[in-house]
Each structure stands twice: as structure tokens, then as C-alpha cells.
There are 2 protein chains.
Amino acid sequence: MGIVVVGSLGLDTIETPAGRVEEVLGGSAAYFALAARRFMPVSLVAVVGEDFPSEARRKLEHPDLDLSGLEVQEGKTFRWEGVYSSDMNTRQTRRTELNVFERFRPKLHEGLRACTNVFLANIDPVLQREVLEQLQNPRLVLCDTMNYWIQGKRGALLEIMKRVRILLINEEEARELTGQAVTHRAARTLLDLGPETVIIKQGEHGAFLQSRSNLYFTCPAVPIESVVDPTGAGDTFAGGFFGALARMGRVTDRTLRAAVVYGCVMASFTVEDFGVSGLLRAERAEILRRAGAVTEMTRFSLEDTARLVR
Amino acid sequence: MGIVVVGSLGLDTIETPAGRVEEVLGGSAAYFALAARRFMPVSLVAVVGEDFPSEARRKLEHPDLDLSGLEVQEGKTFRWEGVYSSDMNTRQTRRTELNVFERFRPKLHEGLRACTNVFLANIDPVLQREVLEQLQNPRLVLCDTMNYWIQGKRGALLEIMKRVRILLINEEEARELTGQAVTHRAARTLLDLGPETVIIKQGEHGAFLQSRSNLYFTCPAVPIESVVDPTGAGDTFAGGFFGALARMGRVTDRTLRAAVVYGCVMASFTVEDFGVSGLLRAERAEILRRAGAVTEMTRFSLEDTARLVR
């Protein structure tokens with residue numbers, strides 16, 4: 001039994017200081033699935049149009065990536081175009097064409113309904129709820145969201161949060177949703193809304209996790225020689241995190257910590273190239289090497305330092 | 001033998017979302033000295049005017065804080081007024097009155113010239129050089145700077161960097177000085193300009209250290225219940241870092257890592273209250289408790305996780 005991800009698939013046109021690509025495979029479900037399948041089999045539930053290129057589809061094809069839930073509908077595939085600022089910390093959307101994604105009503109076929117691990121990627125919280133209702137026993141539910149739903153579907157978002165075990169959200173969105181300016185207070189406020197654990201994505205500053213059991217864990221981003229395209233880094237983090245966590249089979253402080261590290265490690269591959277190219281090239285040995293690098297860059301010993309303080 | 005700090009002392013008027021204080025003790029040398037003296041004796045070299053209140057001076061008085069290098073000059077004390085944004089991540093300067101600080105030419109008396117540990121706080125790089133020239137054997141030189149000098153005295157700043165062992169700089173300034181958008185690349189570029197080690201301060205995201213020996217170490221900020229006033233956090237970090245490092249007596253990867261942790265710990269006291277109030281209240285037991293908390297929030301084990309990755 002693997003992980004079901006329900007999210008978007010699309011064709012992205014991306015401009016960053018490093019260059020420009022047109023109509024490359026993108027969408028939250030793509031990044032998540034390609035990262036999570038390094039740890040566990042993944043079933044993808046999404047929709048594309050009849051124009052979805054076979055080249056894009058081939059990037060998803062893999063023995064550990066079940067595409068039986070990928071609908072092809074009459075019409076055009078979802079398209080997005082964005083341009084990043086010179087430091088790549090902000091981006092502007094130039095164009096969003098929902099196309100077939102506008103009418104997306106995720107339907108899980110019989111084979112997927114018994115799955116207990118589910119990632120509700122950044123889609124309408126009403127659809128996220130519909131997905132949960134189709135699952136027989138959704139035990140480990142990870143959910144993402146974005147400012148669009150915080151502003152437009154706040155009620156539905158608050159409803160879904162009550163049914164989610166782990167919430168994934170970025171720093172600005174956490175502040176916006178809670179009205180708390182200090183991020184780690186925002187995280188604690190989010191815990192009161194339902195989830196047992198909240199993970200705050202902080203871009204180039206990494207991520208931190210806050211759980212109701214009072215686990216507070218921070219993890220830096222893996223430093224990258226040259227950042228080419230940050231698109232999908234958050235969804236890749238989600239894939240690495242959830243893949244590793246589900247694979248470890250238990251949710252404990254120890255497994256949560258290690259899973260956050262794998263989330264940061266996987267995201268570092270995505271930002272190294274446009275679209276999913278960096279992620280597709282990630283080799284097992286390099287994944288393990290970067291996980292070891294995170295250990296090196298965070299470890300310290302205070303042994304015998306108590307005497308230092310007056 | 002302790003640490004000599006050369007920097008500013010002043011009276012700050014500060015407005016943050018948490019409130020407002022008027023003419024409280026401030027300046028880089030004050031924050032640094034009050035943090036560093038928790039680890040090592042500190043000698044302060046600075047200038048104030050005849051109006052410097054005895055109440056402000058009393059906050060500095062301590063057996064481990066030598067004020068013999070504190071000049072009182074005819075005229076008024078340096079004053080600064082600033083107001084912080086609602087998330088406290090940016091601030092605007094409303095008023096700067098240099099007063100006696102404008103004519104400050106630091107003179108180290110005979111007793112201080114043999115000191116080997118020196119912190120050149122954020123002052124004119126020309127004055128920083130004059131300080132170095134008065135020291136007989138400045139072995140461990142830590143230097144701070146700011147955008148004002150990057151823009152106005154770039155040449156002198158580049159000169160001083162060649163004579164500095166450890167450079168302390170914040171994220172935006174590192175980018176501005178190097179023209180590198182990715183912070184950790186900026187850090188490596190700074191190493192080419194002279195310092196053996198660069199520490200990048202990242203505000204609420206903590207700090208990281210990059211050395212020419214390829215040590216890369218990140219440390220998160222200690223999460224604080226309620227941030228009241230970020231003024232002086234960077235100089236407090238410098239004091240905690242340098243105090244701990246000088247106290248350990250050797251510069252190695254191990255001592256550098258631990259010193260960064262103490263820098264983050266000390267800074268967490270400063271932001272808890274206006275001016276130096278939080279720092280003055282820091283108790284030894286609480287300093288050690290927070291250092292232990294940093295261990296808790298960064299530790300993880302990847303033991304046996306290699307099997308997770310496909």
C-alpha cells in the first residue's frame with residue numbers, strides 16, 4: 001500500500017534569471033509524485049487534456065508511479081506561466097489557464113479507496129474534502145494549501161483542517177491564515193485549528209515542524225551551487241517528507257524529524273534545474289550524500305560548555 | 001585577557017508593534033558588551049556626551065565590563081530613532097543625531113593595546129583600521145558592517161576585510177556587497193575578500209557560518225513567545241558568539257559551531273524586551289536551558305534510513 005496524491009498536473013512556462021522554458025511538465029501532483037516515489041509507490045489522481053504531450057507523460061511513467069487515476073478529458077491541459085524576481089524569492093503569475101482543471105472532480109477508483117496515506121495537494125478545499133470522503137480509512141492525511149484558498153474559501157479550508165493530520169503551509173500563508181506575525185506563533189495557532197502537526201516551508205531558509213506533542217524541529221535548506229528554478233520546491237518537499245514518513249511506517253518524533261530532512265533534501269534537486277528535470281536526475285547515492293550533508297551542517301556539541309557561562 | 005569592543009553607544013527611541021521607549025541605552029557596543037561579558041571580561045571603547053544619563057551608565061557597570069576606555073566628551077550623546085514594521089522584519093530610521101559620535105576617533109589606552117581579541121562593531125571602516133593599528137597583536141578580529149558603509153566607504157571596507165579573521169554581516173548586506181543573489185554563494189564570495197570565516201545573520205531565521213576550511217554550519221533562532229524589539233539582536237549575537245569563542249580559547253570547527261549556538265541563544269534574550277532590558281535579565285540557568293533547546297530543535301538521526309531510498 002502506497003500513497004495517493006490528488007493535485008494538479010499542467011504545462012508550465014517559467015522565466016527565472018537563469019532562463020526560460022515553455023510548456024514543461026508541472027503541477028503539484030507531478031513534483032510530489034516524482035519525489036515520493038523514491039521512498040514508496042505513489043498513485044496519482046489528476047486530470048489532463050487531450051493535448052497533454054506524450055513527452056510529459058513519459059516523465060511520470062515508472063513502476064512505482066501508478067497512473068491509473070490520471071484522467072484524460074476532452075479539452076486542454078492546465079497551463080501556468082510565471083516569472084521570478086532577480087533573487088527568486090518572489091514570483092509573478094503572468095497567465096493561468098485552468099482548462100480541464102476547472103471542472104476537475106477527483107474520483108478515486110475502487111483500487112485506491114483502501115489507501116490510508118493521502119496527500120491533498122494544493123487544490124480547492126471543497127475537492128480536498130470530497131477526496132477524503134471517498135477513502136475508507138484515511139489514516140495519514142497530509143494537506144497543502146495556498147493564499148488563493150485562504151482568501152476565497154476560508155470556511156471550507158477551516159473544515160478540511162479539522163480532518164487533516166499534518167498541515168503543510170508556507171511562511172507567508174501561515175501568517176495570513178492566522179494573523180500572527182511571528183511565524184512560530186502562527187504555527188501553534190494552526191495546531192488549534194485541527195492538525196496534530198504543522199510544517200512551515202521557508203524557502204531558502206528550509207522548514208520547521210511544530211507538533212501538538214511539543215516537538216519543534218528546524219531543518220535548513222541544502223545549499224545549492226546554482227538555483228535555476230524554485231517552481232515545485234514546496235511540493236517536492238512534501239513528496240520527500242511524506243514518502244519517507246510513510247515508508248518508515250510510524251509517526252513518531254524520530255520519524256518526523258528524519259522525514260523533514262528528506263523533504264529538504266529532495267527539494268534541493270528540484271531547484272537545480274527547470275521543472276522536474278533536476279528531480280528526475282536525482283541519484284540514490286546523491287540523495288543519501290545530501291542527507292548526510294544536512295547532518296554535517298547542523299550538528300554541534302555543547303559538551304562541557306556549561307562552564308563557559310558566567 | 002578579555003575582549004576589546006569598539007563601537008557606538010547611544011540613546012535609542014524605538015517604536016515596535018509592542019510599544020515605544022524613549023532614549024534608552026543602545027548602540028552596538030552596549031549590546032555586544034552585555035552579551036560577551038557572560039563569557040569573558042570585556043573592555044568597551046566608545047564615546048558619549050556629557051548628557052549620558054547615569055541610569056544608562058549603571059546598566060553597563062559590572063566587574064566583567066571595563067569602562068576605562070569610555071570617553072565622555074563635551075556635547076550630546078548619539079541618538080537614534082526607529083520604527084519597526086508590523087512583522088518587525090523591516091525598520092525605518094526616523095532620526096539619527098550623531099552628536100559626539102561624529103568626531104569619534106577611538107583611542108586605545110596603553111592597557112588595552114596588548115589585547116588580542118577585538119570586535120570592530122559597525123563603525124566607519126576607516127576607524128576600524130585605526131583601531132587595528134593601535135593593537136600590538138590583534139589575533140582574533142571579528143568585524144561587523146552595514147549597508148551605509150558598503151555604499152559610502154566601499155574601498156576602506158574592502159581594505160579592512162583583508163585584516164579581519166571573522167566577518168559578521170546580515171543577509172541583505174552580504175548580497176549587496178557581493179552582488180550575489182543566493183546568500184550562501186555571497187558568503188563564499190566574501191571569503192575571497194579576506195576573512196577566514198563569514199557569519200551571515202538571518203534575523204528570525206538564525207544564522208549560518210561558512211569558513212574557508214569548508215565548514216558550513218546553520219543554526220536556527222531560538223523561538224521566542226513574544227518578540228518585543230529586535231534592535232541590537234545582531235550585536236548581541238556577535239557578543240554571544242565572540243564571548244563563547246574567545247572563552248573556549250581555540251578556533252576550531254567544534255568551537256565555531258558551539259559559538260554560533262551561543263550567539264543565537266544570547267540574541268533571543270535581547271528581542272524579548274526593549275533595548276538591553278531582556279539581555280540584562282538573562283540568567284545563567286536560562287542561557288544553558290536555551291542552548292539545550294537549540295540541540296533539541298536541530299537534532300535528528302538518519303540511522304538506518306539508507307534503506308528507505310529507492
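What you see is a predicted model, and the numbers here were worked out from it, not measured in a lab. In what follows, chains are A, B, ... by sequence order, proteins preceding strands, each numbered from 1.
- Of the residues considered (Ile224(B), Asp304(B), Asn89(B)), Ile224(B) shows the highest number of contacts with chain A, using heavy-atom pairs under 4.5 Å.
- Residue Val309(A) comes nearest to Ile287(B) through the heavy atom pair CG1-CD1, 3.8 Å, listed as atom of the first residue, atom of the second, then distance.
- Contact of Arg188(A) with chain B is made through the side chain alone, with heavy-atom distances under 4.5 Å.
- With chain A as partner, the option from Val227(B), Val182(B), Val294(B) having the largest number of non-hydrogen pairs under 4.5 angstrom is Val294(B).
- Listed here is the closest heavy atom pair of Pro220(A) and Thr218(B): CG-OG1, 3.3 Å.
- Shortest non-hydrogen contact noted between Ser86(B) and Ala181(A) is O-CB, 3.8 Å.
- Of all heavy-atom pairs spanning Thr298(B) and Phe217(A), the tightest one is O-CE1, 3.5 Å.
- Both the backbone and the side chain of Thr305(A) come within contact range of chain B, each with at least one heavy atom under 4.5 Å from a heavy atom of that chain.
- Looking at heavy atoms from C-beta onward, Pro41(A) lies in side-chain contact with Arg310(B) at the 4.5 angstrom threshold.
- Enclosure of atom CD in Glu61(A) by more than 12 non-hydrogen atoms of other residues, nucleotides or ligands within 6.0 angstrom is indicated.
- Contact of Leu308(A) with chain B is made through backbone and side chain together, with heavy-atom distances under 4.5 Å.
- Using a 4.5 Å cut-off between heavy atoms, Met40(B) contacts chain A through its backbone alone, with no side-chain atom that close.
- Phe32(A) meets the ring-ring contact (aromatic ring centres under 6.0 Å, His included) test with Phe119(A); sequence neighbours excluded.
- Within the 4.5 Å cutoff, the side chain of Arg299(A) has no heavy atoms near those of the Arg299(B) side chain.
- Annotation: maximal heavy-atom pairing with chain B below 4.5 Å, among Leu302(A), Asp87(A), Thr183(A), occurs at Leu302(A).
- At a heavy-atom separation below 4.5 angstrom, chain A is approached by Gln202(B), Glu204(B), His205(B), Tyr216(B) within residues 202-216 of chain B.
- Residue with the most contacts toward chain A among Glu225(B), Arg37(B), Met248(B): Glu225(B) (heavy-atom pairs, distance under 4.5 Å).
- In this structure, the portion of Glu171(A) lying under 4.5 Å from any heavy atom of chain B is its side chain and not its backbone.
- In terms of modelled atom types and a separation under 3.5 Å, the side chain of Arg284(A) and the main chain of Ala306(B) share a donor-acceptor contact.
- Looking at Arg185(A), the atoms closer than 4.5 Å to chain B (heavy atoms on both sides) all sit in the side chain, from C-beta outward.
- Residues of residues 252-262 of chain B having a heavy atom under 4.5 Å from any heavy atom of chain A, listed by number: Arg257(B), Ala258(B), Val261(B), Tyr262(B).
- The side chain to side chain donor-acceptor pair (under 3.5 Å) check on Thr90(B) picks up Ser85(B), with sequence neighbours excluded.
- Residue-environment remark: CZ (Arg250(A)) stays at or below the threshold of 12 foreign heavy atoms within 6.0 Å.
- Residue Arg175(B) touches chain A through its side chain alone, counting heavy-atom pairs closer than 4.5 Å.
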